[in-house]
Participant: 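Sharing a structure below in structure tokens format, with a few things to ask.
The sequence lines fix the lettering, A, B, ..., with proteins before strands; numbering per chain opens at 1. Just so it is clear, the structure is predicted and the values come from calculations on it, not from any experiment.
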Amino acid sequence: MRDHLESRLEDLGRALGADESMAPRVMDRIDKTLGDQPVETGTVKRKFSTGRLVMSRIGKLAAAAVIVIGIVVVYKAFKETGGVSWAQVRQRVATVKAVTYRAEVTGVERGQAFEVRIETIQSSERGIRMDAYMNDELVNQAFTLVDEGLFVTLMTGQKLYTEVALTEALRAEVQRNSGDPRAIVDEFLTGPYTELGRSEIDGIVVEGVESQDAALVSAFLSGPMGRLSAGSEMAEDVVARLWVDVATGWPVEMTLDIAGTDGGSETHVVVTDFQWDAEIAPEAFSLEIPADYQPLARVDLGQMERGVEMVEALAYFAELSGGTYPTKLTPADIVGEVGAIYEKLNAAGATPKMDDDMIIKLKYAATYVRELGDQGKDPAYYGDTVTPADAGKVLLRWKLDDGRYRIIFGDLRIEDVTPQRLAELEAN
Amino acid sequence: MQVLSPKMRFFGDISVLQSDGELIEAVLSGDRKAFAILVKRYERSVRAMAMSMLRDRHQAQDAAQEAFVKAYEKLASLRRAGAFGPWLLKIARRCALDIVGERRGQSLPEDDVFEARPAGLLDEEKERLLAAVVKLRESEKQAVMLRYFDGYSVKEVAEITGRSVGTVTKQLSRAHRRLRVLLAEA
């Protein structure tokens, strides 16, 4: 049905009218101004990046990805733009080994307004620590510990924690990239921006740039921990602004507005109080889980890679659902389907008891499969048609580094097969 | 690269619709005429942006012209073709702002743009609507302007911007919601 608003917009378009002389006038001016000079005169001609950007996996390990995005956008914006010496800013930041900052995060998620303050320490040697506060009360701490190869989240109010063991390869990547601005600059120095000119923040004369790059955020959140920790699937619209102190060349404030793809979620971030090249006390990363905290979930990404933890999680779901696997293997669908099962059981008078450990494993399994896709490992999931009774059918498969495929069958057997064998199995 | 004529509803030249990215690559490859197609594609949107701030049709035309010339000069600095529309609209905003500043004898921060009333040549209802449109997020604004001001279909907007049809549909849907809120607040 036609919307009245649409008609009004079309009326407005008609009222604005077309200016058919605009193109000839513009082209005439360009011809007169530039003569025969090619458009790229004075600049470096670049090839457009139309695909997804390849992002540092440090982003995928960030505990609160939206905040790290902010930092990334900071780095991303360090291009030569004239005015402020962006090249010098970039060089200076490239030498930074540790930075602390504070972020105020507000927004709406599934109709609920939220407001969180996050204080972050990012160190290339040790990892990332993020402390989240609501109403000035510490509610969550997330540690990505390079040496230990662990990602640990503490929920202080509930006295619960989750622990994710990284694979050796992942740990090495974190160690290589974590908090190293040079690596992040290399990864993220791309995308368009516009200059905002000068302004003033707290008496400091600043100069700013604005950047929008949904692909950047999507890619940045695509890792196993980043996206889960961020709690959302994808950010679609991003508007980030960076303001740099004209006198010192150091960034002083960054704002970030993100709209989720579901249309109902929005996040607004203001990052301030940067301490560039801060001295980090060793105890900032000495994590001791209090004795009265209970484990909510323990995930071993090595076992996930081998398929073992994925099988455990899928078996749990089949038991919960009464004989089916998740229709789709995405974190959002997992949450939705588990929620629906819970409501169904509850309505039937049962008192369902959910195994948080398994549900979190399921979400990590889903994220891991998505990660496999990002890595070009050809994952495919057939939960919409395959059930535990389909012993010989492929439920899930992905490509291994040696060219074979790892298959999880309907009866949850794990087997590695050649591509030819996979084709035979899937033909059935 | 040989540039084909785009589908241009207001110029009667109907052929193959080329994406912004294809046109920009053509310009960067030396085909200056391809830029004229981009000017025709975005002329109304850019002028609408300028009019919303300047309330003067002639000054809006000047600002739009300036914006296109600046965009051409800086085209090589644009790294993602899909961002051309929002990028161009921002340049237009800046150009209009410069004219506002000249009027007042000073340059203004960008946020002041939104305090200005929209084009006086439109009736009051349309002024309110245009003022609301320019407050949309950049990608939503681009989708709305191409869809409703320039009359492109959703599929064509998707082709022009390099987004999926689903994404454009969602952006338009969100834009409708925001517009209703903005209009209710006005």
Participant: Quick test of your reading: applying ring pair (Phe, Tyr, Trp, His ring centres under 6.0 Å), list the pairs with at least one residue in residues 20-39 of chain B, sequence neighbours left out, ordered by first then second residue.
Facilitator: B/Phe35-B/Tyr72
Participant: At a heavy-atom separation under 4.5 Å, does A/Met27 approach chain B through its side chain, its backbone, both, or neither?
Facilitator: side chain
Participant: Would you tell me whether B/Ser45 and B/Asp150 have side-chain atoms, one donor and one acceptor, within less than 3.5 Å of each other?
Facilitator: yes
Participant: Do A/Asp11 and B/Glu125 come close enough that some side-chain heavy atom pair is under 4.5 Å?
Facilitator: no
Participant: Which one of B/Val144, B/Leu38, B/Val69 has the most heavy-atom pairs closer than 4.5 Å to chain A?
Facilitator: B/Val69
Participant: Can you find a pair of side-chain heavy atoms, one from B/Arg174 and one from B/Gln171, that are under 4.5 Å apart?
Facilitator: yes
Participant: Hey, which of A/Gly17, A/Ala15, A/Ser21 has the most heavy atom pairs under 4.5 Å with chain B?
Facilitator: A/Gly17
Participant: Sort B/Leu129 into side chain, backbone, both or neither according to what part of it lies under 4.5 angstrom from a heavy atom of chain A.
Facilitator: both
Participant: Where on A/Arg25 is there a heavy atom nearer than 4.5 Å to chain B: the side chain, the backbone, both, or neither?
Facilitator: both
Participant: With B/Phe68, which residues qualify under ring-ring contact (aromatic ring centres under 6.0 Å, His included), at least two apart?
Facilitator: none
